[in-house]
Amino acid sequence: MDKKNLSESDICDKFIRPAMEAAGWNGMDQIYREFPLRAGRVVVRGQKSYRDKTTVLRADYALFYKLNIPLAVVEAKDNTMAMGAGMAQAINYAQLLDVPFSFSSNGDGFVFRDATMTTGVLEQTISLEEFPSPAELWKRYCDWKGWTPEVARVAGFDYSPSKTPRYYQLNAINRTVEAIAGGQNRVLLVMATGTGKTYTAFQIIWRLWKSGAKKRILFLADRNILIDQTMVNDFRPFKGAMAKLSPNAKGVERVDAQGSVTIDDVALAVNKTTKQVDKSYEIYLSLYQAVTGTEEESNIYKQFSPDFFDLIVIDECHRGSAAEDSAWRDILNYFENATQIGLTATPKETDAASNIHYFGEPVYTYSLKQGIEDGYLAPYKVIRIDLDRDTFGWRPTEGMTDKAGNLIEDRVYTGADMNRKLVLEKRDEAVAAKITEYLKATDRNAKTIVFCEDIDHAARMRQALANANADICATQPKYVVQITGDNQEGKRELDNFIDPEKTYPVIATTSKLMSTGVDAQTCKLIVLDQNIRSMTLFKQIIGRGTRLREDLGKSWFTIMDFKRATELFADPAFDGNPVQIYEPDEGDPIEPPVVDDPTRPQQPGEDQPSLGPTTVGPGEGGIIEPKRYIVGGMVTVAVARERVQYLNADGKLITESLRDYTRINLARKYDSLDKFLQAWNDADRKAALIEELERQGVLIEALADEVAHTGLKDLDPFDLLLHVAYNKPPLTRRERANRVKKRNVFTQYGPMARQVIEALLDKYADEGIATLEANNVLSLPPVNQLGLPVELIRSFGGRPQYLAALNTLERELYAPASP
């Protein structure tokens, strides 16, 4: 058998896998073929998206010591390549999987890289028979880590078999368990919204609990909905040992596919009458505010001894627990001897509050940027809309009063004043009109969250959007709802909004209530009409759209920005690692916690609705000034400018105009028109060339949408690029097809073949070159109306003759006009 003639797959099956199995690796649960690492970045073009196959990563083999405890990767090549040809790939995959051992093989043997250096050798060549056993690699790994047998036992303890984690979840779980097994009592884990923090927390708790390292656990969150979702979903395997810790807790409502409501029988740990806690459970889940209170006796957590819990997991720890004087921090201080894990997508690092100061540097970080690059989070495009009154300012005329008769202070009001100091009712209408315009052009049932300045603004926007969508709202009043802290009816609709199976509500207007912890999986549009200066808040809001649900048609989302909030994308802090800046002096003010759980009573002074022009005390001359002025329809508001931005191939927002961006990108590949024309004419498949250009950042579909606004529609990508990049007058597809029909270049064919060519030209005029080049084009209407594909091919004299005619047709489509 000549190895040189074998495929890579044959090399794997005949040489590499047998060598691993001979060394003691179990093919059932230790050897994983084609192990997935990156799913492939989702690329957005116009209103369509696709996965970039060039960014999909799979390791030829991943080797696991036991379930979900990875140790090594093996990259295979066919025998025409060197034994170490796959080492660069293997090292890259090993870094992603957070393992120190890499192998490369062509079937003759292995190049073995041992980053632990426990034997003093980094890389060596070994024979097929010398492949190391699982026990040998595990021993090297444990020695490298410096683990005692007990630490190794806990760090290597089995996962729950509920589902297979992604590579970054494995890293987060394993690093956290390793840190705790090694004696670290404060752990910070940073994972972008939508990447499975709760599932990750479940596996961490499972392994520590099942191994006996931590016996009694408290899971804290700041929203009832987070606790309920966690108990009935990711934490469900804990049933029997788990209880909800709240004096007013109820069962969790579950709605089946037929709409029937049942109450999930979750265990409740607090007696509703006596308020006494049942301490027989091992895992408790609670809201911060459910176990704290202003009166000593209402602090339920103090019914437990300070040493009762071994482990506390704090979800969304960027919120109250980041501030030292918060009631939430009281719980952590009370149970200070417990190991504490902070989970967040956005660590809070301000002058007044710091997660890093309390928990230490993150043991693992998985960012929004990395999630998008890997294809596990939804990418986004940004529509920035500047309104004229925001951009250029507005000044009242002399003596002008608002709707309540208040004299409006004479000064220039800008975007920062809108909905704070000044309410322009026509502005609400303008914002609602643009939102509605977008939904009508894309999908009117696309879940949409509109972030407003405050509750009063959210109420006005609900009304403006209802009026803008009166054709739907007349019969479906829940098409637009207000979901804010003061609106009980709206809060009851929150579950329906985030339920992928529920059509209504479609649009939710809110202020702060939906900025964090709301799992709106199918949200496709996020509208920013709120002044946002906090990076933490900004990232939390963006996180409402980052979940991928391709099975439900959600593969990307849009941010519509009326406040230039997306300028924060340019801030280096947007997706970098947090930097600790916590250095408060004694007596410095501490930022109070912001608590807005949708199921708890409203707290005094928190997120309260504005009651219109409330007064703030005497101003100059003893005149009482209104908090804000409300101005009716006499002041118009219009769009000053609008710009759509996309992410380029490197994940950066495009800031140039789309036309300029296209010219620049095309010029990088073709430095002259002649070279572009030559590449186009030489391409065997024009569709393949178009796909390559799109991968390199030439946004064909988005460009076509922009050019269509100027009246140029139905352009071939060839004409589109000629027009935009080289300023050439374009032809429509129909015009190109008609030019070919007039040339009589197919006279050598019989009547049937000429009919096929006519039909193919019509197909091109309607749908473009990609359809013309499709393998099934003869099976598509109107071509298939002429006969079966085999009959149509026979009319040309056979398949080679048909393909030759198709090549001639393409050449004629793009031939220069006759002089």
Side-chain angles (χ1 to χ4, degrees), residues 44-50 440-443 553 662 677 680-681 683-694 698-724 728-747 749-793 795-796 799 802-818:
V44 183
R45 297 295 177 254
Q47 291 298 317
K48 297 180 181 179
S49 64
Y50 64 89
K440 285 182 176 179
T442 54
D443 177 7
T662 302
L677 293 174
W680 187 270
N681 292 327
D684 292 332
R685 289 184 66 252
K686 308 299 189 260
L689 178 61
I690 293 167
E691 288 176 7
E692 176 63 21
L693 289 172
E694 287 187 326
V698 178
L699 313 181
I700 301 289
E701 234 182 289
L703 195 63
D705 289 342
E706 183 170 302
V707 170
H709 290 302
T710 67
L712 296 174
K713 298 181 179 180
D714 301 324
L715 300 185
D716 189 287
F718 176 74
D719 285 279
L720 184 65
L721 294 176
L722 282 181
H723 175 62
V724 170
K728 298 294 181 181
L731 296 174
T732 66
R733 294 191 301 268
R734 179 68 63 186
E735 288 170 336
R736 285 197 173 275
N738 289 338
R739 285 199 321 176
V740 176
K741 290 179 181 180
K742 293 175 182 176
R743 287 179 184 153
N744 296 320
V745 292
F746 298 101
T747 54
Y749 296 105
M752 174 59 75
R754 288 200 299 272
Q755 285 185 57
V756 173
I757 291 169
E758 287 268 344
L760 288 173
L761 284 169
D762 289 337
K763 193 67 176 172
Y764 162 81
D766 290 337
E767 298 183 22
I769 192 66
T771 302
L772 186 64
E773 293 180 337
N775 292 330
N776 66 338
V777 66
L778 295 179
S779 302
L780 303 175
V783 189
N784 62 357
Q785 297 172 8
L786 301 176
L788 296 173
V790 66
E791 297 171 338
L792 302 184
I793 289 174
S795 70
F796 289 87
R799 186 164 187 80
Y802 163 70
L803 292 176
L806 194 60
N807 286 335
T808 301
L809 188 154
E810 279 200 22
R811 186 175 64 251
E812 290 297 320
L813 277 172
Y814 300 109
S818 302

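Note that the structure is a prediction, hence the values are computed from the model and not measured.
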D766 meets the side chain to side chain contact (heavy atoms under 4.5 Å, CB included) criterion, sequence neighbours left out, with R734
Between the NE2 atom in H723 and the CZ atom in F718, the distance rounded to the nearest 0.5 Å is 14.0 Å
Across all chains, not counting sequence neighbours, the salt bridge (charged side-chain N to carboxylate O under 4.0 Å, His left out) partners of D443 are K524
Should D762 and K741 be marked as a side-chain contact (heavy atoms from CB on, under 4.5 Å) after you check the CA-CA gap, both sets of side-chain angles, and the distance that decides it?
-> CA-CA 10 Å; D762 289 337; K741 290 179 181 180; 2.7 Å; yes
**Study point:** Expected output: side-chain R736 to main-chain D719 donor-acceptor under 3.5 Å
**Key:** no
Interatomic distance, CD@E810 vs CG@L760, rounded to 0.5 Å, equals 10.5 Å
All heavy atoms of P789 vs all of S779, minimum pair found to be CG-OG, 3.5 Å
Residue pairs meeting side-chain hydrogen bond (donor to acceptor under 3.5 Å, both in side chains), one or both in residues 782-791, sequence neighbours left out, come to none
Exercise for review: Begin with the C-alpha distance, continue with both residues' side-chain angles, and end with the deciding distance and a verdict on side-chain contact (heavy atoms from CB on, under 4.5 Å) for I793 and V756.
Suggested key: CA-CA 9 Å; I793 289 174; V756 173; over 6 Å; no
Here the gap from L712 atom CG to L731 atom CG, rounded to the nearest 0.5 Å, amounts to 11.0 Å
Taken in chain and number order and not counting sequence neighbours, the residues that satisfy salt bridge (charged side-chain N to carboxylate O under 4.0 Å, His left out) with R811 are none
Residue set satisfying ring-ring contact (aromatic ring centres under 6.0 Å, His included) with Y749, at least two apart, ordered chain then number -> F796
For A683, the side chain to side chain contact (heavy atoms under 4.5 Å, CB included) test, sequence neighbours excluded, returns K686, L689
Taken in chain and number order and not counting sequence neighbours, the residues that satisfy side-chain hydrogen bond (donor to acceptor under 3.5 Å, both in side chains) with K763 are E767
- Task: Take I757 and V740, measure what side-chain contact (heavy atoms from CB on, under 4.5 Å) needs, and give me the verdict at the end.
- Result: CA-CA 10 Å; I757 291 169; V740 176; 5.9 Å; no
Interatomic distance, CG@L792 vs OH@Y802, rounded to 0.5 Å, equals 8.5 Å
In short, ring-ring contact (aromatic ring centres under 6.0 Å, His included) pairs touching residues 750-791 with sequence neighbours left out are none
Discussion item. I'd like to know whether CG of D684 has more than 12 heavy-atom contacts from other residues, nucleotides or ligands below 6.0 angstrom.
Written reply: no
Handout entry: Stepwise side-chain contact (heavy atoms from CB on, under 4.5 Å) check, L721 with L693
Key = CA-CA 11 Å; L721 294 176; L693 289 172; 3.9 Å; yes
With sequence neighbours left out, the residues meeting salt bridge (charged side-chain N to carboxylate O under 4.0 Å, His left out) with K713 are none
Would a 4.5 Å heavy-atom cut-off, applied to side chains only, mark L761 and L813 as touching? yes
Value for CH2 (W680) from CG (D716), rounded to nearest 0.5 Å, stands at 5.0 Å
Those residues at least two apart in sequence (or on a different chain) that pass side-chain hydrogen bond (donor to acceptor under 3.5 Å, both in side chains) with E773 are none
Check: Any side-chain heavy atom of L772 sitting closer than 4.5 Å to one from L809?
Finding: yes
Hits for side-chain hydrogen bond (donor to acceptor under 3.5 Å, both in side chains) against E812, two or more places apart or cross-chain, chain-then-number order -> R743
Contacts of R733 meeting side-chain hydrogen bond (donor to acceptor under 3.5 Å, both in side chains) (sequence neighbours excluded), chain-then-number -> none
